[in-house]
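Below is one structure, written out as structure tokens, with a few remarks after it.
Keep in mind that what you see is a predicted model, and the values were worked out from it rather than measured. Each chain gets a letter, A, B and so on, in the order its sequence line appears, and its residues count up from 1. All values below were derived from every heavy atom in this structure, side-chain atoms included, with hydrogens, water molecules and symmetry-related copies excluded.
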2 protein chains.
Amino acid sequence: MQLEQPTGAVFVQTTLKVLGGKWKLLILWYLKDEPKRFSELKRSIPNITEKMLMQQLRELEKDEIIVRNVRSTVPLKVEYSFSDYGKTIIPVLIPLCDWGKEHLQRINS
Amino acid sequence: MQLEQPTGAVFVQTTLKVLGGKWKLLILWYLKDEPKRFSELKRSIPNITEKMLMQQLRELEKDEIIVRNVRSTVPLKVEYSFSDYGKTIIPVLIPLCDWGKEHLQRINS
DNA sequence: CCGTATCCTCTACGATACTG
DNA sequence: CAGTATCGTAGAGGATACGG
């Protein structure tokens, strides 16, 4: 019995692992159009703790979806933005958003 | 200060709630082309426990993504399939799958 | 065959305080 | 401003046994 080839089932799971954190989709959505500073993200997502924001950003960075850019000015300036590779995930985000919108309308009526 | 309108950020989160369980995407993928019996799903996903399979199916049913169809024959025959509404989520699954495939190739090289 | 009922583990997430 | 370090908790997920 030989190893099976990955199938569609494996692929969808793979994507979910990258996007699956509680805040990741949210973060990516806010980063989609323009780079944002740490504090800007924090303000955009009031409920998130600094620890979680940090953690999720690091994971997205490790998956090479986003890029961390540091200016060693005073005060410190750190910007997060999509990497070129990360941008390939935007076509995935759009249908996700569209369906969520429809679904929200459905369950609210 | 009035309540804000839902934005794209909220929408993506909504979709993730429906698809977010550890096994849901996997289950949906196997159900995508044809209805499957409980035992067939169990066989397709060897690592899942009956409890988890049951639980995730129930949640997908509650979200009206899938439909449970019972034949009271002996032995019992229960089939799960996409609802008409559930089928609207397939266009979301496809990009998810495509990106996962590309990503797998990327991290394996 | 298709579940339910217990009990248990583990980790994702959070609250809070502190630092370069 | 942009983080790190600790400690704590809820709930998702799992193992196992049993029931219609």
The answer to which of G21(B) and P75(A) contacts DNA chain D further toward the 5' end, by nearest nucleotide, is P75(A)
If you pin Q55(B) and L76(B) to their nearest nucleotides in DNA chain D, which one's is more 5'? Q55(B)
Of the candidate nucleotides [options], which contains the atom at the shortest distance from the side chain of [X]?
X	options	value
F38(A)	dC2(C), dC1(D), dG3(D)	dG3(D)
K22(B)	dC2(C), dG13(D), dA2(D)	dG13(D)
E50(A)	dT4(D), dG14(D), dC2(C)	dT4(D)
R68(A)	dG3(D), dC1(D), dG3(C)	dG3(D)
K51(B)	dA2(D), dT4(D), dG13(D)	dG13(D)

List the atom of P91(B), the atom of P95(B), and the distance in Å for their closest heavy-atom pair. O-CD, 2.9 Å
Expressed as a whole number of angstroms, how long is the span from M52(A):CE to dG14(C):C1'? 8 Å
Can you tell me how far C1' of dC13(C) sits from CG of L16(B), to the nearest Å? 15 Å
Within the structure, does a side-chain N or O atom of Y80(B) lie under 4.0 Å from either OP1 or OP2 of dG3(C)? yes
dC1(C) OP1/OP2 closer than 4.0 Å to side-chain N/O of R37(B): no
Would you confirm whether K42(A), through its side chain, and I48(A), through its main-chain N or O, come within 3.5 Å as a donor-acceptor pair? yes
Does atom CZ (R106(B)) have a neighbourhood of more than 12 heavy atoms from anything else shown, all under 6.0 Å? yes
